[in-house]
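Okay, structure first, notes after.
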Amino acid sequence: MSQEPPANPSWLTPDPTAWASGGGGPTDNASIPGTFPLEESLSPRQLPLLVNPWDVVLCTSGTLIACENALVVLVIWQNPALRAPMFLLIGSLALADLLAGLGLVLHFTCAYLLQSDSAQLLTVGLVVASFSASVFSLLAITIDRYLSLYYALTYNSERTAAFTYTMLVLLWSLSLCLGLLPVTGVNCLAEEATCSVVRPLTKNNIAVLSVSFLLLFGLMLQLYVQICKIVMRHAHQIALQHHFLAATPHYVTTRKGVSTLAIILGTFAACWMPFTVYSLIADYTYPPLYTYATLVPATYNSVINPVIYAFRNQEIQKALWLVCCGCVPASVAQRARTPSDV
């Protein structure tokens, strides 16, 4: 009787069943969960392939993300009226999340079927590039919203469109570079000791990604504070003309708009901050359970993004109704734009 370790389909731990273990380093195959003694008559391909339940959760999230954002991309692509800079940025966000969802599904498929290092590097690179583009697109949307308020009179000029295209080129180029790092050799396949909590990304690689996220989050926070100040100042000026600050509709809708901005930023932080902080302080020796527990919520941000940025938009709502049933309800067609739509 001979013993061989099972294949390694998981991208977060060498042991696909280590999600249930508290870590530690077993010294022989008999003590490793999920390792089976092989009969001489059985080939490795006849071994039972264990599926990590957390990988199933990530694959399910990826499927939901891909379907949801594919609808947004389709609506924006097919509707010529949705070509303003704002819709281009929303489309960029939806495309990034769509690719991220596909990346999660492809990684699950390749990891458990192909079990190839090359496939693992390609799919992980796709996931890194897509989620990076998603975060960068959120920053670009924030910048666009700030500029649309600060330069309200000249916002719809050709200069704004050119600036939007420049942001799109830069964010996708940078995201592609980040995604290519594992493929071009910046990985820990040759030296496990350099692995981060997400294999095959190195500790240095994921540290750069995490620090970059924290910097982007700080910039978004500052921009949203400035947006709130501008919106409140405009609402105050309008309200003074009516002599009743707290009673005016403008004041009520502005408070709703500020609350919406807080929800946007709070949701973004709640989804990504746990994984970002954990990836900075942990390494590959930490129990994989913690990595999954922080990574899964990060993927939910791509599920929430279409609801916040696309489905609440009046123009996209009209396009969705036209695609689904060929008509637009009067409640949607007549709804006026308010500061809560910022």
Side-chain angles (χ1 to χ4, degrees), residues 72-73 75-77 79-97 132-175 212-239 250-251 253-269 272 301 304-317 319 335-342:
V72 178
V73 172
V75 168
I76 294 178
W77 178 266
N79 195 331
L82 304 179
R83 295 294 182 268
M86 174 182 63
F87 297 113
L88 293 178
L89 295 174
I90 293 176
S92 173
L93 175 63
L95 178 60
D97 288 335
S132 298
S134 177
V135 174
F136 287 138
S137 295
L138 290 174
L139 175 63
I141 290 174
T142 307
I143 294 175
D144 177 75
R145 289 179 170 182
Y146 171 75
L147 294 178
S148 68
L149 292 173
Y150 193 83
Y151 300 103
L153 297 179
T154 60
Y155 171 73
N156 292 320
S157 64
E158 294 181 359
R159 182 178 179 181
T160 302
F163 180 73
T164 301
Y165 285 118
T166 302
M167 284 198 300
L168 289 173
V169 171
L170 289 177
L171 75 88
W172 279 99
S173 298
L174 182 56
S175 301
S212 300
F213 168 82
L214 293 176
L215 293 175
L216 292 178
F217 177 75
L219 180 56
M220 290 177 61
L221 179 60
Q222 178 64 23
L223 287 172
Y224 272 125
V225 169
Q226 296 301 320
I227 289 174
C228 289
K229 289 181 178 179
I230 295 174
V231 172
M232 293 296 292
R233 185 170 64 248
H234 289 175
H236 184 75
Q237 293 172 350
I238 295 174
H250 298 285
Y251 183 75
T253 56
T254 300
R255 287 185 58 187
K256 184 179 178 182
V258 173
S259 300
T260 300
L261 295 180
I263 292 174
I264 290 173
L265 200 60
T267 301
F268 179 64
W272 278 106
N301 188 65
I304 299 172
N305 282 339
V307 178
I308 295 178
Y309 295 95
F311 297 146
R312 292 178 65 254
N313 183 276
Q314 183 179 0
E315 287 77 9
I316 293 181
Q317 285 183 13
R335 184 174 68 89
R337 182 177 175 84
T338 71
S340 63
D341 297 326
V342 173

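If you take OG on S173 and CZ on F136, they are separated by 11.0 Å, rounding to the nearest 0.5 Å. With values rounded to the nearest 0.5 angstrom, D97 atom CG is found 7.0 Å from N301 atom CG. Rounding to the nearest 0.5 angstrom, the gap separating the CD1 atom in I141 from the CD1 atom in I264 is 9.0 Å. Between the CD1 atom of I316 and the CD1 atom of I76 there is a distance of 4.5 Å, given to the nearest 0.5 Å.
With sequence neighbours excluded, the residues forming a side-chain contact (heavy atoms from CB on, under 4.5 Å) with L214 are M273, T276, L280, listed by chain and number. Listed by chain and residue number, Q226 satisfy the side-chain contact (heavy atoms from CB on, under 4.5 Å) test with Q222 (two or more places apart in sequence, or in another chain). L139 is linked by a side-chain contact (heavy atoms from CB on, under 4.5 Å) to I143, L216, L219, M220, L223, counting only residues two or more places apart in sequence or in another chain.
For the residue pair I227 and T142, the shortest heavy atom distance occurs at CD1-O, 4.0 Å. Shown here for L171 and A140, the closest heavy-atom pair between the two residues is CD2-CB, 4.1 Å.
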List the atom pairs, donor and acceptor, that lie under 3.5 Å between side-chain atoms in residues 85-95 and the rest of the protein, sequence neighbours left out.
unit_1: S92; atom_1: OG; unit_2: S137; atom_2: OG; d: 2.9
unit_1: S92; atom_1: OG; unit_2: W172; atom_2: NE1; d: 3.0

Which side-chain N or O atoms in residues 160-167 pair as donor and acceptor under 3.5 Å with protein atoms at least two apart or in another chain?
unit_1: T160; atom_1: OG1; unit_2: Y155; atom_2: O; d: 2.4
unit_1: T164; atom_1: OG1; unit_2: T160; atom_2: O; d: 2.9
unit_1: T166; atom_1: OG1; unit_2: A162; atom_2: O; d: 2.9

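Sorted pairs that involve residues 79-89 and meet side-chain hydrogen bond (donor to acceptor under 3.5 Å, both in side chains), not counting sequence neighbours, are lacking altogether.
In this structure, F268 and V135 have side chains that are in contact, with non-hydrogen atoms separated by less than 4.5 Å. Looking at heavy atoms from C-beta onward, Y309 lies in side-chain contact with L138 at the 4.5 angstrom threshold.
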